[in-house]
Student: 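Structure below; questions to follow.
Sequence lines set the chain letters: A, B, ... in the order given, protein chains first and strands last, and positions in each chain run from 1. As the structure is a prediction and not an experimental result, all values here were calculated from the model.
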2 protein chains.
Amino acid sequence: MNALKVETKEKIIEVAHEVFLEKGLQGARMQEIADKAGINKALLHYYFRSKESLFDAVFEKVIEEVIPEFSKKLQPSSKLEEVIRSFVEFYNNFFQENPQFPQFFFHEIWQNPDKLATFIKGQKNIKPDDIVNNIKKRLPPFYESDYLPQHMISNVMGMCLFPHIARPLFQRIFFGNDEEKYDHFLSERTDFLLTMLAGIELENKDQITDEPEEDF
Amino acid sequence: MNALKVETKEKIIEVAHEVFLEKGLQGARMQEIADKAGINKALLHYYFRSKESLFDAVFEKVIEEVIPEFSKKLQPSSKLEEVIRSFVEFYNNFFQENPQFPQFFFHEIWQNPDKLATFIKGQKNIKPDDIVNNIKKRLPPFYESDYLPQHMISNVMGMCLFPHIARPLFQRIFFGNDEEKYDHFLSERTDFLLTMLAGIELENKDQITDEPEEDF
DNA sequence: GTCTATATGCAGATAGAC
DNA sequence: GTCTATCTGCATATAGAC
């Protein structure tokens, strides 16, 4: 039956996603994936010739889920505050629901950057130049104009990313390894970031209207 | 000769460090380590019973190099600007000299958080409570007091970390995969961050009547 | 499509000579 | 301490029956 085939294949991808995210390409075992999918290794190889082809299927799906957010939310019409809000909300939320994602993703793209490149090229609606130009136009004055707009993306992404990817360390050092406290810390962080970033923007907006900068 | 023994062992740790950082515990091969050290696998096992014991030796050394900076620079006497400057300069510089470090470190601490805990306990001069309290007293007003001071550490660390750990992705999307341009981006980032952070602090200092420089 | 059984290769680890 | 040669186990992958 066709229905059954599809179900099995999707079940495989689902559990493979889980196992690969936890262990990585090298650390994952086909046996474990087969077990969790309720099948055996032979059937696994029936659907996916090799471990790597299975990994690619998972990785491509993951990329499609996350990378497009980079550009989708950076339309020319958006205000800077909206872009930031949108970024922070999406990524903080995503990382909270996929705690293993950051360490998996960054480890794997370092292991095989060229594979990443292939997948990115498949994403037609990413326009890096547009993104950079849009940001450039909307930068608050304290991002001095001779610095690259990419710094700002790094700031926002980095502040979202850090407490998630550093959780095993950070939770132990600063939260007595208390899961619950850390979850609360992560939950309040979206609010904190939006409040803080809005605050900074306000400070600077007032400055512009009152006293013009000598730079321009 | 004792000198020879030490040399071999240190050579092993040196190249193991290199290989583990690039490939991770699971991805690394004892054969490659032996080759790069100019010895064979048997001798490798003579010095280190198992792959994991070799890994531990490397990992412990790495931890000793990086984690103490978390606390060493947060002495009660330091001003907030100095703490931030010190953090940004150290970590940005360290990541630039050890590009593979972030993806290695965060991947491995997720693979084995308990091992991390053991190593951290070996670091006697880490006093998380002191660190948090010291920061709390020095927070500028836009870090509203009902938010945890840990947010601020996450901000500074995250902004330092991101462009390094995300390099394979970021360089491709926003720098046309140009190594040289990206190196320049990273080089100017320390300056950028210090300028930006100082700018924010200044804005807010105007609103403060006097510095939170109580006790000690 | 799904299974049992098996092949193949390789990586970690050991034995033992020098 | 250092080597050559070898063992052992395991993980990926295939053969072939149902």
Student: Using the side-chain heavy atoms of Ala42(A), tell me which of these nucleotides is nearest: dC3(C), dA13(D), dG12(C).
Tutor: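 The answer is dC3(C), which lies nearest to the side chain.
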Student: Can you check the Ile33(A) CD1 to dT12(D) C1' distance for me, whole Å?
Tutor: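 After rounding, the reported distance stands at 12 Å.
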Student: Ring centroids only, cut at 6.0 angstrom: are Phe55(A) and Phe20(A) within range, meaning strictly under it?
Tutor: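 Yes, the ring of Phe55(A) comes within the 6.0 Å limit of the ring of Phe20(A), centre to centre.
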Student: Given atom CD of Glu52(B) and atom C1' of dA11(C), what is their separation to the nearest angstrom?
Tutor: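 Taking CD of Glu52(B) and C1' of dA11(C), I get 15 Å after rounding.
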Student: Reckon Ala28(A) touches a base, only the sugar-phosphate, or nothing at all at heavy-atom distances under 4.0 Å?
Tutor: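 Sugar-phosphate only.
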Student: Take atom CE of Met30(A) and atom P of dC10(D), then tell me their distance rounded to the nearest Å.
Tutor: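 For the pair Met30(A) CE and dC10(D) P, the rounded distance is 18 Å.
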Student: Whole-Å distance between dT14(D) C1' and Lys51(A) NZ?
Tutor: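 Atom-to-atom, Lys51(A) to dT14(D), this comes out as 18 Å.
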Student: Who pairs with Asp183(A) by salt bridge (charged side-chain N to carboxylate O under 4.0 Å, His left out), at least two apart in sequence or on another chain?
Tutor: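 Salt bridge (charged side-chain N to carboxylate O under 4.0 Å, His left out) list for Asp183(A), sorted by chain: Arg167(A).
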Student: How close or far is atom C1' of dA13(C) from atom CD of Gln31(B), stated in whole angstroms?
Tutor: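 The answer, rounded to whole Å, is 13 Å.
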Student: Would you say the ring centroid of Phe185(B) lies under 6.0 angstrom from that of His151(A)?
Tutor: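 Yes, the ring of Phe185(B) comes within the 6.0 Å limit of the ring of His151(A), centre to centre.
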Student: Assuming nearest nucleotide by heavy-atom distance, tell me which of Arg29(B) and Tyr46(A) is located more 5' along DNA chain C.
Tutor: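 Mapping each residue to its closest nucleotide by heavy atoms, the 5'-most match is Tyr46(A).
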Student: Over how many whole Å does the gap from Asn40(A) atom CG to dT14(D) atom P extend?
Tutor: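 Computing the Asn40(A):CG to dT14(D):P distance gives 15 Å.
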Student: So which heavy atom on Pro149(B) is nearest to which on Ile135(B), and how close?
Tutor: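 For Pro149(B) and Ile135(B), the tightest heavy-atom pair comes out as CB-CG2, 4.0 Å.
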Student: Taking atom C1' of dA11(C) as reference, at what distance in whole Å does atom CD of Gln26(A) sit?
Tutor: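 So the CD-C1' distance, Gln26(A) to dA11(C), works out to 12 Å.
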Student: What is the distance, to the nearest angstrom, from the CG atom on Leu25(A) to the C1' atom on dT12(D)?
Tutor: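 Answer to the nearest Å: 12 Å.
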Student: Nearest to the side chain of His45(A), which nucleotide is it out of dA13(D), dT14(C), dT2(D)?
Tutor: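 From the listed options, dA13(D) comes nearest.
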Student: Does OP1 or OP2 of dT12(D) have a side-chain N or O of Ser50(A) closer than 4.0 Å?
Tutor: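 Checking Ser50(A) against dT12(D): no side-chain N or O falls below 4.0 Å of OP1 or OP2.
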